[in-house]
Structures are given as C-alpha cells and as structure tokens.
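Notes for the one structure printed next.
Each chain gets a letter, A, B and so on, in the order the sequences are listed, and its residues count up from 1. Note that this is a predicted model, so its numbers are computed, not measured.
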Amino acid sequence: MLSRQYVREHPGEVREILAARGVTDVDLDEILEIDEEWRELKARGDDLRHERNEVSSKIGELKQAGDEEAAQEAIERSQELKAELQDVEQRADELETELEERLLEIPNIPQEGVPEGEDESDNVEVRRWGFDQLRDLPDEVTPHYDLGEQLDILDFERGAKVSGGGFYFLKGEAARLEHALIQFMRDVHREQDYQEVFPPIPVNSESMTGTGQLPKFADDAYKLEDEDLWLCPTAEVPVTNMYRDEILLADDLPLKHQAYTPNFRQEAGEHGTETRGMVRVHQFNKVELVNFVEPAESDERLEGLLDEAEAVLRRLGLPYRVLDLCTGDLTFASAKTYDIEVWAPGDDMDDGPAEGGRWLEVSSASNFEDFQARRAGLRYRPERHESADYLHTLNASGVALPRVLVAILEYYQNDDGTVTVPEALVPYMDGAERIEGSEKVGESALGAGDRD
RNA sequence: GCCAGGAUGGCCGAACGGUAAGGCGCACGCCUGGAAAGCGUGUUCCCCUUCGGGAUUCUGGGUUCAAAUCCCAGUCCUGGCGCCA
C-alpha cells in the first residue's frame, strides 16, 4: 500500500505508474476527493470534540465544587455537541474506510530503472547460464508428460479422478525425486544462512491482505467454506505475515527465512498445450525465501536473493536465464522483479531459445520495498531511541518444484528413455543415478499392452 | 467443546465511572576532571506550514454529560475439565 501522504502529495507520479502498469480500474481523482473531504470532516470533528472535552471536564470540576446548577447547564450543552459530533464523525469514518479500501487497490510504484513495457514481451533478458556446455540430448526429446506416463512415474488421469483437473500423482521415482529436491533446496539455502520455518498452510484474510493477494486476487486462491481461511497460495503469505504488527530491532535485520510448503492456486481458465502436464497445476511444492531488511539495503539484497535462488539451478546443472521484468509485467506488490526461467527442451515454443524447447518460470525474485510492510504493519526501530519505521520485504522462490522436475525429466533424458539423476541429487536419492520407471498397475495396463 | 481468569506504550505495571500513576529501557541536555549516580526533557498515530488540536487501555457494539473502569458480542492468551491423530 502506498502511504496516504504520498498519494496526496504526488498525484502525478501515481497517475504515471497506474498508466505504466496498465491499471485502468483505479479512479485517482475520486480517491483524492475522498481524502480531501475526509480531512475537512476530520478537522471539524476535532474542533467539536475539543469543545466537548472542555465542557466535559468542566462538569467534573463543577460537580466537585458542588455547583449543581451550572453542572446541569454544562451537561445540556455537552448533549447538544454529542449529537452534532456523531453526524460528523460517522461520515468521516465512512470516508476513511472507503479511502483505505481504495488505497489497497493501488499497485506498488516500480523502481527507477525498471524497463518500461506493456507485457512479457518487453521484459529484458539479463543473462543466460549453462548453454556453453549442454549435455548430449536425444534427437527427439520426449515431453515430460509423455515420458512420465511411459515410465509410470506421473499420473494425471488418476489425479483428475481423485481431485479434479490440474492435480496429479507423483509415483515411485518421481515422488522420490520430489522429496530429494525439497531436501536438497533446504540444504542449499541453509548454507546461505536461511533460518527455516514450517508455517501453517491455511492463512486468514488479514494475512492475505498483508502481502497483497487480497482484495484484488481472491479468485486465484482456494477459500475454505465457512471459515476465514485460505489455502496457502505461496509461503510468502504466512512467512511475511509472521511478524505482522510487530517491531523488529535493527540488529535482527537482515532476517532471512526459508519455508517449504505446498501451494494452492486456482489458475482459472489456463488450459492448452503450453500448460499441459505439470507446468500449471493447482497444487505444487515450493521452497520460498523471504527477507526482511532495512530500507537502504533492499536493492543490494535483491541481487543477493536472486543469486541465492539461481544457485539451486546451477548446482543441479540446469540451464536457465534471468529476466528483468518490465513495468507492465510486474506483480501488484512489487517495485522490481527478476524472473528465473529454466530451460525445458521437450516442447518447442516460438519464444524459446535457439536450441529449441521452451522457458519455464521457476522463480520470481521481488523487492516489495515498504509496500507489504505498510499493509502488514511490519516495522523496525532504526536506532533504539528513534521511532519505528516500515522495513522492506523481499522474496523469491528457491524454487518451484514441478517445473524443475519437468526440466530434469527433459534435460537429463537419455536416448533409451531413462533419466539421469543430476549429480547434486544422487546423495538425496540413496545413491540412485538413473530413473528407469516402474511397471504399471491394473487391468487397464494389461489391456493397453503395457504389461504382460 | 465446557468452566474460570486475563489482555493497559519498546518492556513491566497501577488506576476499577470524573478524563491513563510509577518503574525499566533508550536518546538528548544539565551536572562531572572523566564516568556512575542525580536532575530535567523526550520516547504511539492522525489533522494542522506554525500555534495547536484530536484519537489511542485487544476488537466491535451498548449504557452515560463523561468508560481503561459498567453491559453485550467477538478474537487471542492462561489454567482446569472433556475430546482427539
């Protein structure tokens, strides 16, 4: 959330960022009018209340002096003021509530230096890694969804039967690989001085508002019936809100937390070849990195955070690229974001690299500056005697699991249809170096000739 | 789930219908050869350029001229009982 004072004093800048982000449903003029009117009423209410306070304290004095007549007179005056005050303050309260609600819908201001642009095609590629010495791939790389079914380690059909479209089973070696990846990532981040937390998975509306998922993006999340609880859409929500309405000490910062959680997203209307398989699903695992820092440190920390997330892919030997997101593609709460996209060679897409295949976003590293801190009441005390100030929050995935699994199944694929386990993961797989699949179960497999 | 008690500034803690004591911590000043102690000032948010004013005792309602204080509802905490993987 932007501060009321900032919006009041810099309407021009706010108008510019709304345009740059392509936001059309925020009426800034109306917001400024509401603020103006609220301040007028507030001043009038304050004056009335001042008068009432004076009258009221006089009543106490008169009563104690025993002057009942004068006290009665003052009581009557006080009653008059009360009625008038009620009117003015009620209207002021309504306006203030309205103002707060409107402010919650204004996105963050992009930092200077964020590329201007309308959509993802205007994002700027910062660097590529791993393309200098690619491993030998099969002539035709089988997409992960086909390979996964051949090896019988991914099962989308049964996932849909049990829970619906967009859910899947990981079976055998894929399930094992999933757990191995989680443990591996946790270890990598622990080495980077991340303190681990395991948060609650359902989160309340206040938390969802604190990080910016609410009020605008309610449709993306799963809500529990009859409860003020939502299924965690990203660990950013519980972890950032962990210190909501608290004051941290300057000595506590920078505070780095990592959290593994499952994540749930509705992803309404996203179906097609681009999202086939595990690329866009309703439930997925992720290790999330959340940083709380002093305002002056946040720009530098974003670069560090990005590197910490990239380290996962480098150690897995997976080629990737880094994008600097343009103003039109920034998420609601972010002032600056880098995306990390891993290379998945299985499906050729128009916007993929020259080597073929496609890019899959596995992490967004964002600096939210004080946007979330303001919403969630996250403050720190710069010096012991100074008043508390909003701190800065940042986060990045480190990283989202299903798409990494996709990249592994496709990039580490061998001619014979097996998959080599990335060296860094072998210790987490009890020394297993290769994924060979398992025999299918059930009568349907027999009928399809997949089993003798 | 039931019963009882509780929630006051960064922290501790009083006031229990008359307009929020005191202490600790922290900062600044005075004092001092220097330090400690002592003394003074400050240490939440909002409006107002200044002066100043308003709000704020967990949250929301109510009673009252006046609510930290009384009443109702809720949230959370503590203890006891019950239930439970």
Measure from the side-chain heavy atoms of [X] and tell me the nearest of [options].
| X | options | result |
| --- | --- | --- |
| R381(A) | C65(B), C47(B), G10(B) | G10(B) |
| K82(A) | G53(B), U64(B), C46(B) | U64(B) |
| S56(A) | G54(B), C47(B), A66(B) | A66(B) |
| K42(A) | C65(B), G10(B), G54(B) | G54(B) |
| Q79(A) | C47(B), G54(B), C65(B) | C65(B) |
| H50(A) | C47(B), G53(B), C65(B) | G53(B) |

- Item | Among H392(A), R301(A), K256(A), side-chain hydrogen bond (donor to acceptor under 3.5 Å, both in side chains) partner for N291(A) | R301(A)

- Task: Check each of T337(A), N108(A), N395(A) against S366(A) using the side-chain hydrogen bond (donor to acceptor under 3.5 Å, both in side chains) test, and report the only one that passes.
- Result: T337(A)

Given the [atom1] atoms of [N] and [M], what is the spacing between them in whole Å?
| N | M | atom1 | answer |
| --- | --- | --- | --- |
| U32(B) | C24(B) | C1' | 25 Å |
| G62(B) | G13(B) | C1' | 30 Å |
| C71(B) | G6(B) | P | 11 Å |
| G9(B) | A20(B) | C1' | 11 Å |
| U64(B) | G17(B) | C1' | 9 Å |
| G80(B) | U69(B) | P | 29 Å |
| G74(B) | C2(B) | P | 10 Å |
| G61(B) | A55(B) | P | 16 Å |

- Nearest nucleotide by nearest heavy atom, which residue falls closer to the 5' end of RNA chain B, A388(A) or S78(A)?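 Final value for this comparison: A388(A).
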
- Could you pick out which residue, I75(A) or G45(A), lies toward the 5' side of RNA chain B when each is mapped onto its nearest nucleotide?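 Of the two residues, G45(A) wins.
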
For [N], take OP1 and OP2 only and decide whether either is under 4.0 Å from a side-chain N or O of [X].
| X | N | value |
| --- | --- | --- |
| R49(A) | A55(B) | yes |
| R8(A) | C47(B) | yes |
| R39(A) | C48(B) | yes |
| N53(A) | G54(B) | yes |

Atom-pair distance ([atom1] on [X]; [atom2] on [N]), nearest Å:
| X | N | atom1 | atom2 | value |
| --- | --- | --- | --- | --- |
| L249(A) | A27(B) | CG | P | 13 Å |
| E246(A) | G9(B) | CD | C1' | 16 Å |
| Q86(A) | G54(B) | CD | P | 19 Å |
| L41(A) | A55(B) | CG | C1' | 16 Å |
| I59(A) | A67(B) | CD1 | C1' | 14 Å |
| L85(A) | G53(B) | CG | C1' | 14 Å |
| Y390(A) | C45(B) | OH | P | 9 Å |
| E51(A) | G52(B) | CD | C1' | 16 Å |

- Parallel, tilted or perpendicular for Y243(A) and H257(A), by the 30°/60° rule? parallel

Can you tell me the Watson-Crick or wobble partner of [N], both distances under 3.5 angstrom?
| N | result |
| --- | --- |
| C45(B) | G54(B) |
| G60(B) | C72(B) |
| G5(B) | C77(B) |
| C28(B) | G40(B) |
| A14(B) | none |

- Item | Pair D46(A) + R39(A), salt bridge at N-O below 4.0 Å | no

- Electrostatic pair D35(A)-R4(A), nearest N-O below 4.0 angstrom: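 Here D35(A) does not pair with R4(A) in a salt bridge, since their nearest N and O are not under 4.0 Å apart.
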
- How far apart are the C-alpha atoms of E80(A) and R77(A), what are their side-chain angles, what is the distance that settles it, and do they pass the salt bridge (Lys or Arg N to Asp or Glu O under 4.0 Å) test? CA-CA 5 Å; E80(A) 282 169 29; R77(A) 174 64 187 144; 3.0 Å; yes

Regarding [X], tell me which of base, sugar-phosphate or nothing describes its non-hydrogen contacts under 4.0 Å with the strands shown.
| X | answer |
| --- | --- |
| D47(A) | nothing |
| R44(A) | nothing |
| Q5(A) | sugar-phosphate |

- Message: For a 4.5 angstrom cut-off between non-hydrogen side-chain atoms, does V237(A) reach W230(A)?
- Response: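 V237(A) vs W230(A): side chains apart.
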
- Query: Are the ring centres of Y145(A) and F156(A) closer than 6.0 Å?
  - Reply: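 No: the rings miss the under 6.0 Å criterion.
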
- Message: Taking donor-acceptor contacts at under 3.5 Å, does the side chain of D46(A) reach the base of G54(B)?
- Response: no

